[in-house]
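All remarks here apply to the structure that follows.
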There are 2 protein chains.
Amino acid sequence: MGKLLKKCQNRGLKLTSQREVVISILENSEDHPDVDELFRRATEIDKSVSIATVYRTVKLLEDANFIEKHEFGDGKSRYEESGEHHEHLIDVETGEVIEFIDNELEELKEKIALKMGYELVDHRLELFGKKLKIN
Amino acid sequence: MGKLLKKCQNRGLKLTSQREVVISILENSEDHPDVDELFRRATEIDKSVSIATVYRTVKLLEDANFIEKHEFGDGKSRYEESGEHHEHLIDVETGEVIEFIDNELEELKEKIALKMGYELVDHRLELFGKKLKIN
DNA sequence: CTAAATGCAAAACCTTTGCCTCAAA
DNA sequence: TTTGAGGCAAAGGTTTTGCATTTAG
């Protein structure tokens, strides 16, 4: 049984067959699928999964902090399993999403919030860039 | 005539009475109103303004880079007049949006993108924080 | 067995658009 | 006068929800 599935079980979530499908897709995805894509992948495995259940499941998992929701500006919500914190760089030409982490940045954000009299509880950073051509 | 209104005129945009209302609201707003709120404020001044025109006008102004669109995670687009670049800190308890600018952060973002082989064309940073209580 | 989850379809949002009318330049 | 803009309402796209039915625990 996958780790995420186990976490859900430990949390006492009812593990229906449909949830298991959606959860295992989320834990085996390396990308940032939106609900439509999750639905597509889910029905490939089990045609009984409905889009409503996908929506309900991602909300459930998000509330449990097991997955994270992102909005990269195309109007749809995309999801990925929670894990080590990282930021996103979006290639504006290809739509590719590249994950990265920069410790200097992490420290700086805390510092800025603090300077403004706030405790940082969450943040969101996306860089949009064009790949440099090497001449 | 307001500056933004003048910029629109210089750009050759047709200045209808409805556009003038929406534009003047945008240039006199200190906050980040969504379309519904813009519509509300507009119809207070001129009941003939329709929500379709508000949508069409914000799109027009955004394409002209006269205003900026933000999505703070509540599913609606919010707008503000373009001006000096700044970031946003959102008070998670009150919803208040505080603008700030930090040069160290600006430099760092460029640096990170470059390090990854990208030219930064845009970015988005939002900090979500809780106000520190002073004991 | 029972509370909770599902599927389905309808509805709720936000946003866009077609079409005919109207008005700015 | 003419081309683009506006109003209205319908349609689009994403997400939520009510209800009868099914199912995990």
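Hydrogens, waters and symmetry mates play no part in the numbers below; they use all other heavy atoms, side chains included. Letters A, B, ... mirror the listed sequences (proteins, then strands); counts begin at 1. Everything numeric here is computed off the predicted structure, so don't read it as measured data.
- The separation between B:K76 atom NZ and C:dA12 atom P is 16 Å, rounded to whole Å.
- Atom CG in B:D63 sits roughly 15 Å away from atom P in C:dT15 (whole-Å rounding).
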Under a 4.0 Å heavy-atom criterion, the protein footprint on nucleotides 20-25 of chain C, written with B, S and -, is ----BS
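- In the region residues 30-45 of chain B, proximity to DNA chain C at under 4.0 angstrom, judged on heavy atoms, holds for none of the residues.
- Between B:K130 and A:E119, no side-chain nitrogen of the basic residue sits less than 4.0 Å from a carboxylate oxygen of the acidic one, so the salt-bridge criterion is not met.
- In the region residues 49-61 of chain A, proximity to DNA chain C at under 4.0 angstrom, judged on heavy atoms, holds for A:V49, A:S50, A:A52, A:T53, A:R56.
- With respect to the salt-bridge test (charged N to carboxylate O, under 4.0 angstrom), the residues A:K7 and A:E27 do not qualify.
- Comment: B:E104 engages A:K111 in a salt bridge, judged by a side-chain N to carboxylate O separation of less than 4.0 angstrom.
- Every ring pair (Phe, Tyr, Trp, His ring centres under 6.0 Å) that A:H86 has, sequence neighbours left out, goes to A:H88.
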For residues 53-64 of chain B, please give each side-chain donor-acceptor pair under 3.5 Å, one per line with the distance, not counting sequence neighbours.
residue, atom, partner, partner atom, Å
B:T53, OG1, B:S50, OG, 3.4
B:T57, OG1, B:T53, O, 2.7

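- The side chain of B:S77 places an N or O atom within less than 4.0 Å of a non-bridging phosphate oxygen (OP1 or OP2) of C:dT15.
- Salt bridge absent: B:E37 and B:K76 never bring a charged side-chain N and a carboxylate O closer than 4.0 Å.
- For the pairing with B:H85, the side-chain contact (heavy atoms from CB on, under 4.5 Å) check across B:E68, B:E106, B:E99 returns one residue only, B:E106.
- Note: CZ (A:R78) to C1' (D:dG13) measures 15 Å, nearest angstrom.
- The CZ atom of B:R78 sits 10.0 Å away from atom CG of B:L38, with the distance rounded to the nearest 0.5 Å.
- Of all the heavy atoms in B:L26 and B:Y79, the pair that sits closest is CD2-CB, 4.1 Å.
- The salt bridge (charged side-chain N to carboxylate O under 4.0 Å, His left out) check on B:R19 picks up nothing, with sequence neighbours excluded.
- As rounded to whole Å, 18 Å separates atom C1' of D:dC8 from atom NZ of B:K47.
- The distance from the CG atom of A:L125 to the CG atom of A:D102 is 9.5 Å, given to the nearest 0.5 Å.
- B:E62 has its CD atom 13 Å from the C1' atom of C:dT15, to the nearest Å.
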